[in-house]
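See structure below.
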Amino acid sequence: MTEVIKMERITKVYQMGEVKVHALRGVDLSVRKGEFVSIMGPSGSGKSTLMNLIGCLDTPTSGEYFLEGENVNTLSNKELADIRNKKIGFVFQNYNLLPRTTALENVELPLIYDRTGRIKNPRKAAKEALERVGLADRMHHVPNQLSGGEQQRVAIARAIVNNPAIILADEPTGNLDSVSSLDIMSVFQALNREGITIILVTHEKDIALYTKRIVRIRDGKIVKEINVNEPRDAIKDLEELKKGLALEEEIEMQEEELL
Amino acid sequence: MRFFSNLLKSSWRSIQRNKTRSLLTSLGIIIGVSAVIIMVAIGQGAQRSIEEQIASLGTNMIIVFPGVATTGSVRMGGGTYVRFTEDDVKKLKEEATLVNGISAIVRTSGQIIGGGSNWFTSVLGVSPDYIEIREWPVEEGEFFSERDVVSKAKVAVLGKTVADELFPDGNAVGERIRIRNLPFKVIGVLSEKGQDSRGFDQDDLVLVPYTTALYRLKGGRYIDTIILSAISQDQIDAAQEEIRAILRESHRLQDWQEDDFRIRTQTEIIERATETSKVLTLLLASIAAVSLIVGGIGIMNIMLVSVTERTREIGIRMSVGARSSDILIQFLSEAIVLSLIGGIIGILISFLAVFLMNRFTSLTPIINPGIVLISFLFAAAVGVFFGFYPARKAANLNPIEALRYE
Ligand SMILES: Nc1ncnc2c1ncn2[C@@H]1O[C@H](COP(=O)(O)OP(=O)(O)O)[C@@H](O)[C@H]1O
Ligand SMILES: [Mg+2]
């Protein structure tokens with residue numbers, strides 16, 4: 001299988017005045033096409049830094065990084081921007097949608113900056129992306145008319161609209177309740193089944209269990225990689241959870257009636 | 001093409017998302033553009049009306065004023081004031097070939113009694129050519145003739161205002177009036193001329209033969225000014241030279257002596273009068289232009305605030321693949337669109353203001369299409385100039401920090 005991402009001895013040092021912060025201390029990471037990887041680790045371990053490097057928002061202090069075989073270390077800011085546009089789809093913890101802008105227009109945003117002309121009809125592509133995340137009926141809503149889970153779906157639609165090589169999601173469920181979290185994971189699983197490569201950062205074990213491989217990181221180094229032999233099915237768990245919640249509610253109501 | 005229409009669309013959208021702020025941002029430009037256009041319109045309107053009023057003096061007119069004689073080789077302080085005599089007028093009449101008409105002017109004033117009322121006004125002694133030189137026809141009756149001049153006849157032609165004051169029912173012609181207690185016969189009434197450039201009523205006067213004014217009313221020998229009309233517009237300079245030569249000879253001036261009179265032509269008078277209003281127009285326009293620049297600083301200020309407020313948006317755009325140049329162009333085009341909208345609103349406001357002024361005030365502003373275009377382009381330039389710094393600031397943001405911005 002082809003490697004979408006290949007990182008060798010990646011380091012990242014931030015200069016904070018006199019102090020040097022070693023955010024990454026030699027990371028080797030390969031991700032193949034069609035994988036669904038979660039990155040876990042305590043706060044400050046360098047997860048976001050790694051995601052930013054993978055997503056070409058930043059360049060490493062040292063080490064080699066190949067994205068679909070292309071060495072991106074040597075690229076200019078302009079070329080990095082074009083790579084982000086063509087190959088990367090970001091999903092953030094706080095959704096990062098443009099306020100007062102409809103879901104459809106938010107999803108169209110990456111296509112404004114498409115210089116390759118790959119996508120002939122941006123509006124149609126944006127609608128299709130929204131359909132894929134199950135939000136066709138919310139196209140003309142603006143973010144503050146949408147729930148957190150719905151906003152994150154819009155963000156996912158925006159991430160997939162330009163057919164990227166990889167989706168990078170940094171704690172996408174961090175702001176969501178358990179039902180919405182499972183809902184989002186089910187969207188990711190569906191997209192992954194369609195063949196999209198996904199890397200997801202989380203510090204919740206239950207979330208990581210829906211991915212196919214868990215990479216543990218600590219103090220800027222990868223300490224463990226685990227293959228999840230049988231990832232959980234988010235849709236099934238979601239139904240169970242909803243049933244459970246319904247049951248809980250029923251019990252509560254019965255209690256109230258009795259008292 | 002799609003690039004530009006997308007750019008315009010997205011600028012328009014983000015301006016719309018913040019209507020109040022956008023309007024406030026444009027306010028400086030709106031005020032600046034409309035002020036420039038209105039000021040220039042007022043100035044040029046004033047200039048035009050001055051020109052029209054001076055033209056109403058009569059075209060091709062040449063005026064000769066008395067001057068100061070030079071005695072010895074120096075001009076004496078307050079030296080002898082040389083005035084014109086009947087001889088001068090006669091000589092000009094006989095010898096000048098490039099003039100059509102010539103009229104002496106003797107100024108005086110007095111109480112006019114007639115038709116049961118009285119009226120104080122200026123009395124002008126003139127020659128029969130006067131009404132041709134000044135292109136000021138008689139409306140009723142007739143003007144006096146050379147014979148009346150020779151005989152110092154006690155005949156008068158009334159200005160419209162005087163005629164209306166003394167004989168409100170009309171029929172002034174043939175009536176008897178008294179000027180400074182001397183009986184005169186009204187033989188004509190002049191047509192209406194209106195106000196002059198300083199707002200004086202030109203119709204408030206009585207014309208009599210200059211000899212009558214000289215010998216019967218004033219008891220002097222001197223003529224105040226002489227007016228002439230050149231045979232054509234392009235002969236004015238030549239006529240001026242001819243008049244000068246004749247008068248120098250008549251005054252027996254030696255070669256080393258300067259003229260003891262001054263000759264002014266219509267064009268010079270127009271130039272002098274419009275000079276002032278041109279300077280005024282320029283002054284007003286430059287004050288207004290300063291407000292355009294202040295408007296530009298306003299745009300810069302608000303764009304800077306907007307860049308800070310939209311830091312997150314900039315980060316989002318960069319994360320989905322916007323280049324720095326895309327961000328630069330976006331903010332720059334927002335600034336330009338804002339100033340152009342301001343410019344258009346400013347133009348509309350100035351058109352409205354000019355319309356209202358023409359309608360409801362005595363001002364007669366004239367819109368200058370060139371100035372409209374220039375101030376519009378200037379507004380665009382202000383947008384580019386003052387939008388550039390904030391736009392560059394936006395473009396140079398680090399995407400990661402921008403995304404993290406709260
Ligand atoms: N822009 C920055 N400047 C300085 N230090 C930074 C910067 N970004 C991250 N760091 C530091 O690098 C380390 C890793 O941060 P980060 O990748 O955000 O951790 P995580 O996402 O795992 O919580 C932390 O110690 C953090 O303080
Ligand atoms: Mg993080």
Side-chain angles (χ1 to χ4, degrees), chain A residues 12 14 23 48-49 51-53 55-59 76-102 105-117 120-123 142-143 154-155 157-162 164 168 170, chain B residues 1-23 305-334 337 391-406:
Chain A
K12 181 70 188 179
Y14 290 111
S48 294
T49 304
M51 290 295 258
N52 290 340
L53 291 180
C56 295
L57 277 171
D58 208 350
T59 46
S76 67
N77 281 339
K78 195 166 92 179
E79 289 164 323
L80 288 175
D82 290 351
I83 292 243
R84 290 198 293 273
N85 188 245
K86 218 161 45 173
K87 300 191 173 176
I88 311 286
F90 280 106
V91 177
F92 303 94
Q93 179 174 358
N94 51 9
Y95 328 129
N96 272 338
L97 299 175
L98 294 187
R100 279 161 290 171
T101 305
T102 63
E105 284 172 314
N106 263 296
V107 175
E108 254 184 287
L109 192 65
L111 304 179
I112 293 177
Y113 303 108
D114 170 39
R115 285 160 215 270
T116 60
K120 295 279 173 283
N121 189 339
R123 178 117 312 180
V142 296
V154 176
R158 183 179 63 192
I160 59 174
V161 74
N162 53 349
L168 303 173
D170 194 347
Chain B
M1 232 21 255
R2 184 170 127 187
F3 175 73
F4 274 110
S5 73
N6 273 342
L7 200 61
L8 275 185
K9 227 187 290 168
S10 76
S11 305
W12 177 242
R13 300 238 38 203
S14 76
I15 285 167
Q16 261 194 326
R17 256 176 244 139
N18 242 315
K19 285 198 193 74
T20 318
R21 191 174 66 191
S22 303
L23 190 70
V305 171
S306 161
V307 167
T308 312
E309 267 185 16
R310 288 158 66 190
T311 300
R312 179 78 76 88
E313 175 191 328
I314 295 163
I316 295 169
R317 287 178 183 274
M318 285 176 162
S319 76
V320 300
R323 296 176 182 174
S324 287
S325 60
D326 292 326
I327 302 293
L328 183 88
I329 290 171
Q330 182 198 340
F331 276 83
L332 204 51
S333 81
E334 277 186 40
V337 168
R392 210 194 48 180
K393 210 176 154 191
N396 287 347
L397 285 175
N398 174 307
I400 297 170
E401 276 161 30
L403 276 170
R404 233 189 252 149
Y405 185 85
E406 288 303 325

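Chain identifiers are assigned alphabetically (A, B, ...) following the order of the sequence lines, protein sequences preceding nucleic acid strands; residue numbering begins at 1 within each chain.
With a 4.5 angstrom heavy-atom cutoff, A:E79 does not touch chain B via any of its atoms. Both the backbone and the side chain of A:L57 come within less than 4.5 Å of a heavy atom in chain B. Using a 4.5 Å cut-off between heavy atoms, B:Q16 does not touch chain A at all. Neither the backbone nor the side chain of A:P164 comes within contact range of chain B, judged by heavy atoms closer than 4.5 Å. Heavy atoms closer than 4.5 Å to chain A are found nowhere in B:R310, neither backbone nor side chain. Proximity to chain B is absent for every atom of A:N77, based on heavy atoms less than 4.5 angstrom apart.
Every residue meeting the ring-ring contact (aromatic ring centres under 6.0 Å, His included) condition with A:F92, not counting sequence neighbours, appears here in chain and number order: A:F90.
Here the OG1 atom belonging to A:T101 is positioned 7.0 Å from the CD atom belonging to B:E313, to the nearest 0.5 angstrom. In this structure, CZ in A:R100 is found 11.0 Å from CZ in B:R13, a value given to the nearest 0.5 Å.
The contact list for residues 321-329 of chain B toward chain A, using heavy atoms and a distance under 4.5 Å, reads B:G321, B:A322, B:R323, B:D326 by residue number.
Between B:I316 and the options A:L109, A:L97, A:N106, a side-chain contact (heavy atoms from CB on, under 4.5 Å) holds for only A:L109.
Counting only heavy atoms from C-beta outward, the side chains of B:R312 and A:N94 approach each other to under 4.5 Å.
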